[in-house]
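Notes for the one structure printed next.
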Amino acid sequence: MPAEGRATVFYPPPLSPQFCFSTSTVKEFLRLSRSTIDDTITQNLNALNAPAKAGFSPSSTSQRNVYPPRHILPFDACQDFTSNVLFPSWQNRADVLNYCASVATSHDPDDPDTLIRLAETEAHREKVVDERLDPYSGRWFPREPRTEILAGIVRNERRVEEIIRERTWRIVGERCGGLEPLGGQDWREAFEKWREGRVVGNKSPAPPPPLTA
């Protein structure tokens, strides 16, 4: 759901193994986040023109205006957008995929299909196969554990993220007059700088130096 006051930043439900194994829910969250931010990045950047003097408000991206494609946006508006909307959205999606990746590699004693797989495996072992009569009768593909299914989905979604972020960051550079001031030409570099700054910003401020005479 969008955070209060920031209608364009989607946050996932509380992370849990149940959330990850409901793969349709995971995919729907990723779809909503991408469609709101990255798939409409040009419109979102166009909307930065209106509040440029008053400062960026994430809700302003709901107002889509059309500007010449070569129009360079104010740096402060671009910086506020990347720091307050774009990178937080990327981080939320990364958190989901990282958490679900850890679930996919963990022991899953509650898999409801465990007994079904055991029964199917035993039935296959007892099956009499004559490949001379039917060359395909010996083929058997066991049911995948849900952890393996989840791992495959996470791998695919991570590849999608790479493609989406490359495109988004390129468009940001075109509209904002360059990428170096926003953290770097490569989205990975810029994203990591933002994450490091966020961690530093959450720390308690250092005490002021003692006064000297």
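- Remark: Arg188 engages Glu162, Glu166, Asp186 in a salt bridge (charged side-chain N to carboxylate O under 4.0 Å, His left out) (not counting sequence neighbours).
- Considering all non-hydrogen atoms of both residues, Ile37 and Val85 come closest at CD1-CG1, 3.3 Å.
- Of all heavy-atom pairs between Thr147 and Ser106, the closest is CG2-O, 4.0 Å.
- Under a hydrophobic-cluster definition in which Ile, Leu, Val, Met, Phe, Trp and Tyr are linked whenever side-chain heavy atoms come within less than 4.5 Å, directly or via other members, Phe75 and Ile171 are assigned to the same cluster.
- The shortest non-hydrogen separation linking Thr36 to Thr40 is O-OG1, 3.0 Å.
- Under the salt bridge (charged side-chain N to carboxylate O under 4.0 Å, His left out) criterion, Arg170 pairs with Glu174, sequence neighbours left out.
- Summarising the geometry of Arg167 relative to Asp38, their closest heavy-atom pair is NH1-O, 3.1 Å, with the distance given to 0.1 Å.
- Applying the side chain to side chain contact (heavy atoms under 4.5 Å, CB included) test to Arg158 and every residue at least two apart in sequence or in another chain returns Leu97, Asn98, Ala101, Val154.
- Among residues two or more places apart in sequence or in another chain, the salt bridge (charged side-chain N to carboxylate O under 4.0 Å, His left out) test is passed with Glu192 by Arg195.
- The salt bridge (charged side-chain N to carboxylate O under 4.0 Å, His left out) check on Arg165 picks up Glu161, with sequence neighbours excluded.
- Partners of Ser22 by side chain to side chain contact (heavy atoms under 4.5 Å, CB included), not counting sequence neighbours, listed by chain and number: Ser24, Thr25.
- No side-chain heavy atom of Glu157 sits less than 4.5 Å from a side-chain heavy atom of Val96.
- Not counting sequence neighbours, the partners of Lys193 by the side-chain hydrogen bond (donor to acceptor under 3.5 Å, both in side chains) test are Glu189.
- Cluster partners of Ile149, by chain and number: Ile153. The rule joins Ile, Leu, Val, Met, Phe, Trp and Tyr whenever side-chain heavy atoms lie under 4.5 Å apart.
- In terms of heavy atoms, Ala190 sits closest to Gly184 at CB-N, 4.1 Å.
- Residues satisfying the ring-ring contact (aromatic ring centres under 6.0 Å, His included) test with Trp90, not counting sequence neighbours, are Phe87, Trp187, Phe191.
- Annotation: side chain to side chain contact (heavy atoms under 4.5 Å, CB included) contacts of Leu32 (sequence neighbours excluded): Phe10, Glu28.
- For Cys20, the side chain to side chain contact (heavy atoms under 4.5 Å, CB included) partners are Tyr99, Cys100, Val103, Leu150, not counting sequence neighbours.
- For Phe19, the ring-ring contact (aromatic ring centres under 6.0 Å, His included) test picks out no residue, with sequence neighbours left out.
- Ser83 contributes no side-chain N or O that, together with a main-chain N or O of Asp80, makes up a donor-acceptor pair within less than 3.5 Å.
- Hydrophobic clustering, with ILVMFWY side chains joined whenever heavy atoms are under 4.5 angstrom apart, groups Leu45 together with Trp194.
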- Task: Dump the intermediate steps for side-chain contact (heavy atoms from CB on, under 4.5 Å) on Cys78 and Leu182, then the final yes or no.
- Result: CA-CA 8 Å; Cys78 289; Leu182 295 174; 4.3 Å; yes
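- Rounding to the nearest 0.5 angstrom, the gap separating the CZ atom in Arg93 from the CZ atom in Phe29 is 7.5 Å.
- Shortest non-hydrogen contact noted between Ala77 and Leu48 is O-CD1, 3.8 Å.
- The structure places OG1 of Thr42 at 10.5 Å from CG of Asp39, a figure rounded to the nearest 0.5 Å.
- Transitive grouping of hydrophobic side chains (ILVMFWY, heavy atoms separated by less than 4.5 Å) brings Leu179 and Phe81 into a common cluster.
- A continuous path of hydrophobic side-chain contacts links Val172 to Val9 [ILVMFWY only; heavy atoms under 4.5 Å].
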- Show your working on side-chain contact (heavy atoms from CB on, under 4.5 Å) between Ile41 and Trp169 and close with a plain yes or no. CA-CA 9 Å; Ile41 185 63; Trp169 198 235; over 6 Å; no
